[in-house]
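Reading through the structure tokens given below for one structure.
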2 protein chains.
Amino acid sequence: EAVAVRGVSLREDLAVVRLTGVPNVPGLAATVFAALAEKNIIVDDIIQNLYQNAESAILGFVVSSEDAAIARELADRLARDHEMGAVEFSEKVSKVSAVGVGMRSHSGVAATMFQALAREDINILAISTSEIVIGCVVPRQDGPRALAAVHAAFGLGDAVNENAAS
Amino acid sequence: EAVAVRGVSLREDLAVVRLTGVPNVPGLAATVFAALAEKNIIVDDIIQNLYQNAESAILGFVVSSEDAAIARELADRLARDHEMGAVEFSEKVSKVSAVGVGMRSHSGVAATMFQALAREDINILAISTSEIVIGCVVPRQDGPRALAAVHAAFGLGDAVNENAAS
Ligand SMILES: C[C@@H](O)[C@H](N)C(=O)O
Ligand SMILES: C[C@@H](O)[C@H](N)C(=O)O
């Protein structure tokens, strides 16, 4: 619902690292993030679902482009040490976020946001939410267009590009 | 870092629906959420990662227990109509969320939160974040213990159970 969303922003220069086939046992997410913290890697979002009938998880996390290489190297090592599956990687991505109040009727707000992106033929690579934010990772070249489209879809004024020179 | 987290809360009576093998093409997330919105299903979190070398996605969403059956039925239909993979389902789950300011050094805050859960042998089923929230879905019976453990890990006072009678 248009009234629920009060702002949309774009964060650029990101990458997504995905650990696949993570055994679904307590302690693994802790191990992964202790390792990232120990390398001082700043993580923008953490996104996990189970799959393979809940035997495994896909544990994804978003980092800045400048930390991408070290994050990927660390992910490769963790995958080997803990018998995970392949490490997947999406480089050169951006994240567009819709911020609102009372977005618990997420399905309506999400539908509006995703439809705005679909109309622009923009592919949604990752989605992560909280009660007041819906964040969509898109290919870098589509970021500015995604920002404008989502802004317009919620009837808002000038789009805010966090990366634009002020 | 303890100073960054100002509160932890627990939301109970949830379920997670996971669409697997979702073709990674623009427009599918929009189709799924338009269908959920049309049935007035309230979605608590939306969690998506790509996998299978970015050919497909796992698109998960958290709903209340009372909407679980209708959400699952809808997911089954969408999976058939759009040639997705199996629909997976986690019933009887709760979500513990750490709320903070300046949590962009997520890896340290996340490590602390996940380690608190690991020490209690609590399995993390799903993770979704925004800039100020880290949310972990855990089995229902572990919710109250998860809340207490995360609270203590961040040096906070009385835990807030959103579901406790006031
Ligand atoms: C997959 C990973 O999150 C695991 N379930 C854990 O609790 O650490
Ligand atoms: C998988 C799904 O999110 C798809 N990438 C879309 O943009 O709709």
Side-chain angles (χ1 to χ4, degrees), chain A residues 16 18 20 24-34 36-51 53-54 57-61 86 88 90 97 104-108 110-111 113-115 117-118 120-136, chain B residues 16 18 20 24-34 36-51 53-54 57-61 86 88 90 97 104-108 110-111 113-115 117-118 120-136:
Chain A
V16 185
R18 297 187 290 281
T20 70
N24 184 23
V25 293
L28 266 173
T31 296
V32 171
F33 283 87
L36 288 167
E38 198 255 338
K39 293 258 186 272
N40 290 314
I41 293 171
I42 292 176
V43 171
D44 187 64
D45 271 325
I46 304 168
I47 309 173
Q48 173 186 304
N49 276 309
L50 299 182
Y51 74 134
N53 279 321
I58 294 186
L59 177 52
F61 52 96
E88 297 192 13
S90 296
S97 297
R104 266 212 88 214
S105 67
H106 264 164
S107 53
M113 183 178 188
F114 303 161
Q115 283 167 338
L117 297 174
E120 295 290 321
D121 209 30
I122 294 171
N123 202 24
I124 302 170
L125 308 176
I127 304 168
S128 187
T129 65
S130 70
E131 201 149 331
I132 58 169
V133 181
I134 300 178
C136 289
Chain B
V16 186
R18 297 187 290 282
T20 70
N24 184 23
V25 295
L28 266 173
T31 296
V32 170
F33 283 86
L36 288 166
E38 197 255 338
K39 293 258 184 276
N40 291 314
I41 293 170
I42 293 176
V43 170
D44 188 63
D45 270 325
I46 304 167
I47 309 173
Q48 173 187 303
N49 276 309
L50 299 181
Y51 74 133
N53 279 321
I58 294 185
L59 176 51
F61 52 96
E88 297 192 14
S90 295
S97 299
R104 266 213 86 214
S105 66
H106 264 165
S107 52
M113 183 177 190
F114 302 162
Q115 284 166 339
L117 297 173
E120 295 291 322
D121 209 29
I122 294 171
N123 201 25
I124 302 170
L125 308 176
I127 304 168
S128 187
T129 64
S130 71
E131 199 148 332
I132 57 169
V133 181
I134 300 178
C136 291

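Chain identifiers are assigned alphabetically (A, B, ...) following the order of the sequence lines, protein sequences preceding nucleic acid strands; residue numbering begins at 1 within each chain. This structure is a prediction, so every number in the text was calculated from the model and none was measured.
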Would you say the side-chain atoms of Thr129(A) pair up with the backbone N or O of Ile46(B), donor to acceptor, closer than 3.5 Å?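 Answer holds: yes.
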
Please flag which part of [X] lies under 4.5 Å from any non-hydrogen atom of chain A: side chain, backbone, both or neither.
{"X": "Ala57(B)", "answer": "neither"}
{"X": "Val32(B)", "answer": "neither"}
{"X": "Leu117(B)", "answer": "neither"}

Rounded at 0.5 Å granularity, tell me how far CD1 in Ile47(A) sits from CG in Asp45(B).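 So the gap between those two atoms works out to 11.0 Å.
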
Decide yes or no for Arg18(A) and Ser90(A): does some side-chain heavy atom of the first lie under 4.5 Å from some side-chain heavy atom of the second?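 A side-chain contact exists here, since the closest heavy-atom pair is under 4.5 Å.
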
Does some side-chain heavy atom of Phe114(B) sit less than 4.5 Å from a side-chain heavy atom of Ile127(B)?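 Yes, side chains in contact.
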
At a heavy-atom separation under 4.5 Å, does Glu88(A) approach chain B through its side chain, its backbone, both, or neither?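 Side chain only.
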
Identify which of [options] forms the greatest number of heavy-atom pairs closer than 4.5 Å to chain B.
{"options": "Ala29(A), Ala126(A), Ala118(A), Ala34(A)", "result": "Ala29(A)"}
{"options": "Leu59(A), Asn24(A), Leu36(A)", "result": "Asn24(A)"}
{"options": "Asn40(A), Val16(A), Thr20(A), Ile122(A)", "result": "Ile122(A)"}

The criterion is salt bridge (charged side-chain N to carboxylate O under 4.0 Å, His left out); which residues satisfy it with Glu38(A), sequence neighbours excluded?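 With sequence neighbours excluded, Glu38(A) shows a salt bridge (charged side-chain N to carboxylate O under 4.0 Å, His left out) to no residue whatsoever.
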
Could you give me the CA-CA distance, side-chain angles and deciding distance for Asp44(A) and Ile42(A), then say whether side chain to side chain contact (heavy atoms under 4.5 Å, CB included) is met? CA-CA 7 Å; Asp44(A) 187 64; Ile42(A) 292 176; over 6 Å; no

